[in-house]
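By convention here, the first residue in the shown sequence is residue 1. Start at 1 and go down the list; that is how both ligands and their atoms are numbered.
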Amino acid sequence: MDAPQRTLILVKPDAMQRGLAGELITRFERRGLRIVGMKLMQIDDALARRHYAEHEGKPFFAGLVAYITSAPVVAAVLEGPAAVVVVRNTIGVTNPAEAAPGTIRGDFGLERGRNLVHASDSPESGTREVGLFFRPEEIVSWARDTDRWIFE
Ligand code: IDP
Ligand code: MG
């Protein structure tokens with residue numbers, strides 16, 4: 001089994017407004033990932049800026065902050081073997097116009113600025129972003145027994 005990892009996903013406001021939260025979360029569950037944290041929340045300006053700090057100064061930054069703060073989001077922590085790359089592959093590339101059919105962005109999106117879902121892009125980002133959105137006590141441990149029927 002690949003090393004277990006944790007990664008943050010956000011069901012972004014466009015997906016929330018289209019009523020797609022359940023559909024998107026279902027895809028991660030069916031992939032075999034385990035939900036270890038989940039909440040509905042409104043991201044404020046300060047959190048949006050910290051979360052997207054790497055994009056500060058880019059032309060789309062102000063629009064990105066306005067977009068991610070425009071409606072409630074579902075934030076979740078997913079856990080599993082190689083979870084970071086598995087989730088990135090499940091959501092597809094940043095621009096939905098170029099995302100493969102079968103991926104979330106490739107099945108539901110058309111535009112880069114409305115791409116339905118966020119996912120951490122590396123194990124280090126996963127650790128940083130989980131820490132930004134969740135307090136340690138909000139992460140739930142599953143019984144070790146369940147590893148036997150979910151993972152190899
Ligand atoms: P990612 O979400 O696939 O990791 P990033 O490059 O980290 O993509 O960009 C963060 C988010 O910023 C994207 O998901 C998208 O919503 C938005 N974004 C990225 N590039 C552009 C752009 O060129 N125009 C508008 N929005 C963009
Ligand atoms: Mg990114």
Side-chain angles (χ1 to χ4, degrees), residues 1-136 138-140 151:
M1 177 170 114
D2 285 316
Q5 293 175 341
R6 286 179 176 170
T7 189
L8 178 88
I9 63 117
L10 302 172
V11 180
K12 290 181 172 183
D14 55 325
M16 296 299 292
Q17 285 163 343
R18 291 168 63 191
L20 291 172
E23 166 81 40
L24 270 45
I25 290 159
T26 294
R27 288 180 172 226
F28 297 118
E29 285 191 294
R30 287 187 179 157
R31 193 75 204 253
L33 295 156
R34 172 184 293 176
I35 300 168
V36 297
M38 185 153 75
K39 59 184 167 185
L40 179 71
M41 61 184 290
Q42 173 72 52
I43 298 178
D44 66 18
D45 194 73
L47 178 57
R49 287 169 183 280
R50 285 183 72 192
H51 174 61
Y52 281 129
E54 65 175 302
H55 298 298
E56 207 166 345
K58 294 182 185 169
F60 60 85
F61 184 70
L64 178 58
V65 170
Y67 161 49
I68 202 72
T69 57
S70 65
V73 303
V74 172
V77 183
L78 303 178
E79 185 179 80
V84 171
V85 71
V86 166
V87 169
R88 290 293 294 196
N89 289 340
T90 301
I91 73 173
V93 297
T94 304
N95 185 353
E98 291 163 11
T103 65
I104 289 172
R105 288 165 168 173
D107 283 351
F108 296 105
L110 278 175
E111 293 181 281
R112 199 162 28 189
R114 296 288 181 271
N115 61 0
L116 297 125
V117 63
H118 166 83
S120 310
D121 64 4
S122 67
E124 296 72 30
S125 304
T127 302
R128 184 183 84 87
E129 293 173 359
V130 168
L132 267 181
F133 282 81
F134 287 83
R135 296 192 301 275
E138 293 177 311
I139 308 290
V140 175
F151 304 137

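Considering backbone and side-chain atoms together, N115 places an N or O closer than 3.5 Å to an N or O of ligand 1. Distances between N or O atoms of R105 and those of ligand 1 include at least one value under 3.5 Å.
When the options V117, L110, N95, T90 are evaluated for a side-chain contact (heavy atoms from CB on, under 4.5 Å) with R105, the one that passes is V117.
Of all the heavy atoms of R88, the ones lying under 4.0 Å from any atom of ligand 1 belong exclusively to the side chain.
By the 4.0 Å N-to-carboxylate-O rule, R128 lies too far from E124 to be salt-bridged with it. A salt bridge links E138 with R135; the closest basic N to acidic carboxylate O contact falls under 4.0 Å.
In terms of protein heavy-atom proximity, atom 17 (C) of ligand 1 is nearest to L64 CD1, 3.8 Å. In terms of protein heavy-atom proximity, atom 24 (N) of ligand 1 is closest to F60 CB, 3.7 Å. Of the protein's heavy atoms, R112 O, 3.4 Å lies nearest to atom 15 (C) of ligand 1. Summary of contacts: the protein heavy atom closest to atom 9 (O) of ligand 1 is H55 NE2, 3.3 Å. Nearest protein heavy-atom contact of atom 3 (O) of ligand 1 is T94 OG1, 2.5 Å. For atom 16 (O) of ligand 1, the closest heavy atom belonging to the protein is K12 NZ, 3.1 Å.
The heavy-atom pair separating A119 from E129 by the smallest distance is C-OE1, 4.5 Å.
Here the straight-line distance linking atom CG of L8 with atom NE2 of H118 works out to 5.5 Å at 0.5 Å rounding.
Classification of the H55-F60 ring pair by plane angle, with boundaries at 30° and 60°, yields tilted.
A cation-pi arrangement is not found for K12 relative to Y67, the charged atom failing to lie both closer than 6.0 Å to the ring centre and inside a 45° cone about the ring normal.
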